[in-house]
2 protein chains.
Amino acid sequence: MKDVAASAGVALKTVSRVVNGERGVNAVTAERVRSAIERLGYRRDESARGLRGGRTSSVGLVIEDVADPFYSGVSRAVEDVALGYGSLLLSGSSGEDPRRERELVLTFCSRRVDGLIIVPAGADHEYLRPELDAGTPAVFADRPGGLDADTVICDNAGGACAGVTHLLRYGHRRVAFIGDSASIFTAAERLRGYRRALAEAGLPADESLIATGPPERAGAALARMLTAQAPPTALFTGNGRVTLAVLRTGQRLPMVGFDDFELADLLVPGVSVVAQDPAGLGRTAAELLFRRIQGDPGPAEHVELPTRLIPRGSGELPPP
Amino acid sequence: MKDVAASAGVALKTVSRVVNGERGVNAVTAERVRSAIERLGYRRDESARGLRGGRTSSVGLVIEDVADPFYSGVSRAVEDVALGYGSLLLSGSSGEDPRRERELVLTFCSRRVDGLIIVPAGADHEYLRPELDAGTPAVFADRPGGLDADTVICDNAGGACAGVTHLLRYGHRRVAFIGDSASIFTAAERLRGYRRALAEAGLPADESLIATGPPERAGAALARMLTAQAPPTALFTGNGRVTLAVLRTGQRLPMVGFDDFELADLLVPGVSVVAQDPAGLGRTAAELLFRRIQGDPGPAEHVELPTRLIPRGSGELPPP
DNA sequence: CTGAAAGCGCTAACAC
DNA sequence: GTGTTAGCGCTTTCAG
């Protein structure tokens, strides 16, 4: 910038004015500055600007894994919203590891992001207190965090309840539930929805038909249930990875899965699902964040997004 | 930092030393500083540090779309490598728009990233010249850029050739090619591979069996070919989105697709593919970039990654 | 072992 | 319309 000023024969401030499109610069002078900028390949340093101005025009996003289609959908939506607000997105994958989540968030904070969107891997977010107090807003997405901040989650229990009720409507009385580890918020909520559906139908919950744990073990859990003396006639799976694991066993039980996935419609039969809206989740969280960044005070908001049941065949089969 | 120094009764430099783990600080003093840091919730400002130090410990990645599984795989791999080098990843989606690509790259440059990985949407990268000359290394990934910089691409032609040859081996003589718009580098390369396979087998290339264009039109193209007087007996699809579009038509022609995809093994028959390795692409590009960042001079490197044919049933069917 | 001063690139607040 | 000065938070340099 100094070089540009020297080359154009003006003061630094004038270059600054031209770069920022401020008015009050003689057209001829401005042109001289612009040509110097062009000639020298000058580009404004955003970090220096942020240092002075207080705003970095960037937001941080912590998800579980970019390579997971659900989160990459979230990511894309956040990116689009950020773009609209002239902000850059820093993002990172926690891999469901609370330590890594914390590390990422703190890294973003060191970068002085204007705000944070976090899909919590851990339950404790006290480490965020200083930043929140310092005025950096944070939004928890997909799961609630350990702090009373803005939160956007899906109607996990309601969605699961609707999915299971759908199966019951076709005459099933023994519906199994295979879900992710119960320590994960969404998994626990979905299990709660399953129990509610049974209760509403006046059916007892048979614990031998409930399995929770890492998706890789879902296939084995299903096999165990099917060889027991009173096997299930239908299945509800608690997330996309569990659904895939079950499908890979080759067992084709009447079923509804939580989470939609590419090609669900091309399998035979098509896989009925309770679909979430990853883009909607990301967009909602991002819009909320930018409202906060722009100074919206008010108490923490808690948004719950609806799910949608998509019948494709596998969930519309009666018991044998 | 000033506050910490005041609170601990030391000078700024001492705080700086403690924060950076520099040796030569009295243990007692250091402890006093650390407790002040804790008490005040102090966190070093990375942008200020970068301003002074010259390095920002961040790299930029421009892909086409994070929500595309291929690119999210690339993204994840780059993120992991960056993490290993203590660097943060800034990433953005160009949506195949050269203007947007340029804008993203320039934004990253204003952020003074230490290096760039770019999946080129456009063909002209002269706008990068100033940065390259200023010493910011760039690596082109998946497609060559308009500049002689480091490049990591897949063996598109070789992979397509292998896939088509595979079909020919089962007795097909009329193999169709449906691919993405020929203006896209990878699409053109794969078409070249298709032609090479036919040539090597001594077969003429029937232009009525070749269709290129946006994936949404792939289904219609196939329908047209199949109702013509001399329809193809097998099909080679030029990328994952085309493969999906074709599968959705319900037509089940013997086929091999470029790009692997989730559930390809669960369709009936399983879809044979020529698989690329997105993680390998990202990892290779990132490793190369960090070598450059660490000062490796030497001429631009051009790496070509192999593809892998995965037979699953659809490509091992003879003509009717 | 510790500290004071200068300056990274930029802009806000005032001159002129 | 244009220029000067100070300072954002940090590290580097040099002096105690």
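In what follows, chains carry the letters A, B, and so on, assigned in the order in which the sequence lines appear, proteins first and then strands, with residues in each chain numbered from 1.
Positionally, the nearest nucleotide of DNA chain C for B:Gly24 lies more toward the 5' end than for the other of A:Ser47 and B:Gly24. Residues A:Ala48 and A:Val10 each lie close to DNA chain D; by heavy-atom proximity, the contact nearer the 5' end of the strand is made by A:Val10.
Within a 6.0 Å sphere centred on CD of A:Glu126, heavy atoms belonging to other residues, nucleotides or ligands number more than 12.
With sequence neighbours excluded, no residue forms a salt bridge (charged side-chain N to carboxylate O under 4.0 Å, His left out) with B:Arg55. Scanning for side chain to side chain donor-acceptor pair (under 3.5 Å) contacts around B:Glu22 gives an empty result, with sequence neighbours left out. In this view, B:Ala138 and B:Leu116, B:Leu128, B:Leu132 satisfy the side chain to side chain contact (heavy atoms under 4.5 Å, CB included) rule, not counting sequence neighbours. Applying the side chain to side chain contact (heavy atoms under 4.5 Å, CB included) rule to A:Ala6 yields no partners; only residues at least two apart in sequence or on another chain are considered. With sequence neighbours excluded, the residues forming a side chain to side chain contact (heavy atoms under 4.5 Å, CB included) with B:Pro137 are B:Leu289, B:Arg292, B:Ile293, listed by chain and number.
A salt bridge does not link B:Arg241 with B:Glu96: every distance from a Lys NZ or Arg NE/NH1/NH2 to an Asp or Glu carboxylate oxygen is 4.0 Å or more.
Pairs passing the salt bridge (charged side-chain N to carboxylate O under 4.0 Å, His left out) check and including a residue from residues 7-16 of chain A, sequence neighbours excluded, do not occur. Among residues at least two apart or in separate chains, salt bridge (charged side-chain N to carboxylate O under 4.0 Å, His left out) pairs with a member in residues 76-89 of chain A are A:Arg76-A:Asp80, A:Arg76-B:Asp65. Screening residues 117-146 of chain A for ring pair (Phe, Tyr, Trp, His ring centres under 6.0 Å), with sequence neighbours left out, gives A:His125-A:Tyr127, A:His125-A:Phe140.
Remark: the A:Asn239 side chain and the A:Asp259 side chain contain no N/O donor-acceptor pair separated by less than 3.5 Å. For the residue pair A:Thr56 and A:Asp114, a side-chain donor N or O sits within less than 3.5 Å of a side-chain acceptor on the partner. In this model, no donor atom of one side chain and acceptor atom of the other lie less than 3.5 Å apart for B:Arg111 and A:Ser47.
Remark: B:Thr14 is in phosphate contact with C:dG3, judged by side-chain N or O atoms under 4.0 Å from OP1 or OP2.
Within residues 105-113 of chain A, no residue has any heavy atom under 4.0 Å from DNA chain D. Contacts of residues 26-38 of chain A with DNA chain D (heavy atom under 4.0 Å): A:Asn26, A:Thr29.
Between B:Leu51 atom CG and C:dT11 atom P the separation is 12 Å, expressed in whole Å.
Bending across the helix from C:dC1-D:dG16 to C:dC16-D:dG1, expressed as the angle between its end axes from five pairs apiece, amounts to 40° (10° rounding).
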| note | Counting primed atoms, P, OP1 and OP2 as sugar-phosphate and everything else as base, the B/S/- map of nucleotides 11-16 of chain D against protein heavy atoms under 4.0 Å is BBB---
